[in-house]
Amino acid sequence: MSNSERAPLRSEGETEDLTHYAENSMNVVQSTIDRIGFGKYQVVLGLAIAIAVISDGAEVALVSLITFILEDVWDLSSTELGLLGGAIFIGMSIGLLIIATWGDDWGRLPALKLTYIGALALRLACAVMPEFWSFVVFRGLTGIVQAMSMPPVVAIAVESCPSKYRGSFTMFVIFNYGVGQIYVIGLAALLTPDLDGGMWRLLLVLAALPILIGILVLFTKVVESPMSSARRGLNQTTVESLEYIAKTNGQDQMTEGEKTEVWALSPLHKEKGFYKFKVLFDSSHKFMTLLLMGQWVLTTFVYFGFFYLLPQLLDDIDSELSTLLLLSLVIVCEMVVIAATTYLIELPSLGRKGTMKICYGVLVLFCGVCLFVSENYLLVPSIMIISAFNHGSFCVLWPYTSEVFETEVREMGVAFLNAAGRAVAFFAPLVFGYLLESAVWAPFLLILSIGICLLGIAFLLPIETRGISLDTGQKSNITK
């Protein structure tokens with residue numbers, strides 16, 4: 001069987017037999033990864049894909065810093081400021097739709113290689129743009145490429161890790177979002193006296209340098225996701241990936257029986273690109289897709305809206321600490337909570353859904369506190385806790401969503417829902433800014449209301465994904 005062979009047309013009965021056999025073969029891929037266990041390969045993979053998350057976090061931090069700096073440097077109007085800040089998010093929405101449409105067809109590793117090289121080139125290009133309009137265009141292009149990296153990152157993480165550690169491994173990767181933000185804020189603090197004088201260009205260059213590490217590791221030490229290869233009928237690539245992972249982890253190679261079952265696997269669906277979107281809304285997935293869409297939209301709206309509000313909230317607080325230092329403390333608090341959720345989501349008593357409920361519950365509780373307090377010793381810790389659990393709930397969505405959808409539509413599901421969330425989040429700064437101007441307590445009332453809705457959605461989610469097979473039996477579990 002050649003590497004490019006695909007399944008011929010079959011009768012309905014034969015297709016059912018093929019589906020059953022293919023699911024068993026996919027179980028062989030999963031069970032082989034579970035047998036190999038967690039080891040050196042997952043550590044190297046984690047380093048390589050964490051760079052994309054660091055880069056994503058750095059990009060969000062850069063939006064605030066660069067917009068603030070260039071307002072004075074280029075004497076920008078309010079309209080130009082809005083365009084400068086929105087260009088990256090518009091680009092991200094476009095990039096997510098691109099990867100949602102074709103990402104599962106391209107594969108995980110090729111998409112990551114493309115986005116890493118593209119992100120590095122565009123970041124460096126932004127640093128030498130001479131005027132406003134060319135800078136805006138390249139910032140938008142950077143957003144497109146940057147957003148395209150996250151869905152394959154999460155997909156290759158869950159597909160290349162043993163079931164027992166899948167959620168924690170993915171959360172560890174997402175944890176590095178805060179590392180990217182701290183990295184940029186630290187660079188800005190070092191360059192602060194001269195940022196207005198042209199050092200902001202150096203900030204863009206230095207913020208892009210970690211991508212070089214990702215490119216080096218990605219091209220030399222990482223192999224394609226065996227599950228993605230198997231679902232696309234690239235059986236030789238599947239075997240090679242599994243044997244490379246086993247060798248790197250110092251475990252036994254595949255048995256002849258395992259290889260035979262993998263070689264017998266054929267793709268179950270011929271649809272590509274736009275035609276696969278119907279899978280997300282078929283009878284098996286529609287209820288779950290709609291629930292997750294509401295969850296992604298509300299969570300992303302609150303996350304980006306509150307993050308936009310943070311500098312203004314912290315600046316208004318009467319404190320001896322600088323706003324930049326307070327913002328850094330908030331991000332550190334977020335990282336602590338994410339580290340805790342990395343442990344919580346693997347507990348049998350909580351899992352993914354239970355961890356979501358905790359995050360949303362804490363969010364509601366402390367937003368309620370902020371409605372009635374004005375003292376700094378209560379307000380500052382409450383804001384930090386709200387921001388931390390707000391970010392924690394956002395991060396838990398990544399492993400849960402990637403585990404709900406099957407391998408053949410995993411990137412599509414994650415990217416489509418993320419795109420829906422970011423499209424609505426485009427209006428979050430406007431809404432939260434207006435509410436803050438009207439009353440300090442108003443944004444907290446909105447977050448409290450949304451948090452109650454999110455808590456309700458978490459209770460409605462029909463399945464817990466902790467430890468489940470990524471492909472077998474999924475549709476029957478999520479049918480409503």
Side-chain angles (χ1 to χ4, degrees), residues 23-51 53 107-109 112 152-176 217-218 220-231 234-263 265 338-339 341-352 355 396 398-400 402-404 406-407 410 464-474:
E23 286 180 347
N24 288 338
S25 297
M26 287 303 295
N27 275 340
V28 170
V29 177
Q30 179 71 71
S31 63
T32 302
I33 294 173
D34 290 342
R35 175 182 62 76
I36 293 171
F38 192 94
K40 181 180 177 181
Y41 177 76
Q42 282 75 25
V43 173
V44 174
L45 174 64
L47 171 63
I49 60 180
I51 296 297
V53 184
R108 317 310 186 207
L109 192 58
L112 284 174
V153 159
V154 177
I156 199 171
V158 301
E159 293 166 1
S160 303
C161 189
S163 302
K164 183 179 179 180
Y165 305 104
R166 194 168 60 208
S168 294
F169 180 65
T170 306
M171 287 296 292
F172 164 76
V173 173
I174 301 298
F175 168 85
N176 289 278
V217 179
L218 205 64
T220 59
K221 301 294 183 180
V222 176
V223 292
E224 175 62 299
S225 156
M227 286 192 174
S228 176
S229 297
R231 274 302 190 192
L234 306 178
N235 303 316
Q236 179 62 32
T237 303
T238 302
V239 172
E240 290 173 354
S241 293
L242 288 170
E243 294 200 322
Y244 179 84
I245 295 172
K247 180 181 178 181
T248 304
N249 286 3
Q251 299 296 322
D252 295 336
Q253 297 292 304
M254 296 180 69
T255 65
E256 289 302 317
E258 290 172 335
K259 291 181 182 179
T260 299
E261 290 195 66
V262 171
W263 274 105
L265 179 62
I338 296 170
T341 57
T342 299
Y343 168 74
L344 294 176
I345 63 173
E346 295 296 357
L347 290 178
S349 58
L350 288 176
R352 284 50 159 162
T355 306
V396 176
W398 289 95
Y400 184 82
S402 64
E403 291 170 331
V404 162
E406 296 90 339
T407 300
R410 182 162 293 121
E464 169 57 54
T465 61
R466 176 188 170 274
I468 67 170
S469 171
L470 290 178
D471 286 288
T472 304
Q474 291 281 96

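The structure displayed is predicted, hence computed values, not measured ones.
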**Item:** Derivation and outcome, salt bridge (Lys or Arg N to Asp or Glu O under 4.0 Å), residues Glu403 and Arg466
**Value:** CA-CA 8 Å; Glu403 291 170 331; Arg466 176 188 170 274; over 6 Å; no
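A salt bridge is defined here as a Lys NZ or Arg NE, NH1 or NH2 lying under 4.0 Å from an Asp or Glu carboxylate O, and Glu224 with Arg108 fails to meet this definition. At a threshold of 4.0 Å, the pair Glu240-Lys247 does not count as salt-bridged, since none of the basic side-chain nitrogens sits closer than that to a carboxylate oxygen. Salt-bridge check for Glu406 with Arg231: failed, with every basic side-chain N at 4.0 Å or more from each acidic carboxylate O.
Met171 approaches Ile345 most closely through the heavy-atom pair CG-CD1, 3.2 Å. Of all heavy-atom pairs spanning Ile156 and Leu45, the tightest one is O-CD2, 4.0 Å. Contact detail for Ser402 and Val158: the closest heavy-atom pair is OG-CG1, 3.3 Å. Shown here for Lys221 and Tyr41, the closest heavy-atom pair between the two residues is O-CE1, 3.5 Å. For the pair Ala48 and Val222, the tightest heavy-atom approach, listed with the atom from each and the gap, is CB-CG2, 3.9 Å.
In this structure, Ile245 CD1 and Phe38 CZ are separated by 12.0 Å, a value rounded to the nearest 0.5 Å. In this structure, CD on Glu243 lies 11.5 Å from OG1 on Thr238, to the nearest 0.5 angstrom. Between the CG atom in Leu234 and the OG atom in Ser228 there is a gap of 8.0 Å [rounded to 0.5 Å].
Donor-acceptor pairing under 3.5 Å is recorded for the side chains of Ser163 and Gln30. Side-chain atoms of Arg410 and Thr407 form a donor-acceptor pair, as typed in the model, at a separation below 3.5 Å.
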